[in-house]
2 protein chains.
Amino acid sequence: MNNIPAPEVLFELADVFKVFGDSTRLRILYTLFDDEQSVGEIAESLGMEQSTISHQLKVLRTNKLVRLRREGKQIYYSLDDDHVKKIIEMGLDHVLE
Amino acid sequence: MNNIPAPEVLFELADVFKVFGDSTRLRILYTLFDDEQSVGEIAESLGMEQSTISHQLKVLRTNKLVRLRREGKQIYYSLDDDHVKKIIEMGLDHVLE
DNA sequence: TGAACATATGAATAAATGTTCATATGTTAA
DNA sequence: TTAACATATGAACATTTATTCATATGTTCA
């Protein structure tokens with residue numbers, strides 16, 4: 001796996017890491033580590049504007065890091081797959097070493 | 001591991017991912033996957049300005065993703081540890097899935 | 001010492017990005 | 001249908017960031 005990936009893959013890869021590269025998005029992801037939460041719950045729990053959370057959830061969604069489920073008026077977000085946790089764990093290992 | 005890390009850890013974590021979130025830096029890291037390279041070699045191989053590479057190597061160095069070794073006039077850079085490869089592999093898995 | 005070379009660095013600029021405010025969209029219940 | 005609520009979205013603004021150019025620093029060799 002020593003070759004540089006094709007440009008479009010490389011840009012996608014950079015984009016994925018960019019998504020993890022913001023503390024607000026990391027906090028949102030951590031909030032979803034245990035179980036799904038509605039937009040309002042996340043905003044409340046992080047003490048941030050609903051709008052901010054919504055914008056960032058869109059970024060997370062676009063990059064397939066979270067998925068959503070509608071239930072009545074609320075929309076519940078959850079982590080999309082296990083990569084998310086693993087990537088964060090890897091990063092944390094590096095920071096804490 | 002369900003708790004949100006302390007703010008300063010969180011910011012560090014975001015910073016690390018930020019470093020991976022740029023295609024130039026990813027290309028530099030890939031260039032170093034096999035073995036060490038001098039600044040000039042990297043610049044040449046990527047077809048970019050020496051100055052650009054030097055600036056980005058500094059970012060990589062600051063975040064402990066690469067280390068350097070001086071040999072005469074040249075400075076050879078190499079990956080600092082295995083986390084680097086692993087983190088990139090994880091990201092790639094996510095992109096390619 | 002001085003010339004040649006390799007790398008680093010500072011300032012400037014353009015582009016990307018996170019947050020806020022205001023408002024739109026969509027859902028529920030009366 | 002309308003009111004109330006939850007979420008999404010667009011525009012604006014401030015901040016961050018990647019690249020370039022010019023130049024400084026540091027090393028080798030004559």
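Below, chain A is the first sequence line, B the second, and so on; all start at residue 1.
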Note: L10(B) and P5(B) closest approach over all heavy atoms is CD1-CD, 3.8 Å
Contact summary for L32(A) and I42(A), nearest pair of heavy atoms:
CD2-CD1, 4.0 Å
Do Y30(B) and F33(B) have their ring centres less than 6.0 Å from each other?
yes
Ignoring hydrogens and geometry, is there a side-chain-to-backbone donor-acceptor pair from R61(A) to V66(A) under 3.5 Å?
no
Determine whether a donor-acceptor pair (N or O, by modelled atom type, separation under 3.5 Å) exists between the side chain of Q74(B) and the backbone of E71(B).
no
Side chain of H83(B), backbone of V95(A): donor and acceptor closer than 3.5 Å?
no
Q56(A) side chain to I53(A) backbone, donor-acceptor under 3.5 Å:
no
To the nearest Å, how far apart are L26(B) CG and dA18(D) P?
11 Å
Return the set of residues passing salt bridge (charged side-chain N to carboxylate O under 4.0 Å, His left out) with D15(A) (not counting sequence neighbours), or none when no residue passes.
K18(A)
Between the two ends of the helix from dT1(C)-dA30(D) to dA30(C)-dT1(D), what is the bend in degrees, rounded to 10 degrees, where each end axis spans five pairs?
20°
Any idea which of dT19(C), dA8(D), dA18(D) is nearest the M48(A) side chain?
dT19(C)
Keeping H94(A) on the side-chain end and N63(B) on the backbone end, is there a donor-acceptor pair under 3.5 Å?
yes
Expressed as a whole number of angstroms, how long is the span from Q37(B):CD to dT7(C):P?
11 Å
Rounding to an integer number of Å, can you tell me how far L60(B) CG sits from dA8(C) P?
12 Å
For DNA chain C, which residues of residues 65-80 of chain B approach it to below 4.0 angstrom with any heavy atom?
K73(B), Q74(B), I75(B), Y77(B)
Atom-pair distance (CG on D22(A); P on dG18(C)), nearest Å:
5 Å
Between T31(A) (side chain only) and R27(A) (backbone N and O only), is there a donor and an acceptor less than 3.5 Å apart?
yes
Could you tell me whether the side chain of L65(B) reaches within less than 4.5 Å of the side chain of F20(B), counting heavy atoms only?
yes
Donor-acceptor check, side chain of S54(B) to backbone of Q50(B), threshold 3.5 angstrom: yes or no?
no
Please give, in whole Å, the distance from dA6(D) P to L57(A) CG?
16 Å
Round to the nearest Å and state the distance from E44(B) atom CD to dC5(C) atom P.
16 Å
Which residues, if any, of residues 49-56 of chain A bring a heavy atom under 4.0 Å of DNA chain D?
Q50(A), S51(A), S54(A), H55(A)
note: R25(B), atom CZ; dA18(D), atom C1'; distance rounded to Å ~ 8 Å
Apply salt bridge (charged side-chain N to carboxylate O under 4.0 Å, His left out) to E36(A) and list each qualifying residue two or more places apart in sequence or on a separate chain.
R69(A)
Using heavy atoms and a sub-4.0 Å distance, could you list which residues of residues 8-20 of chain A are near DNA chain C? By number, please.
K18(A)
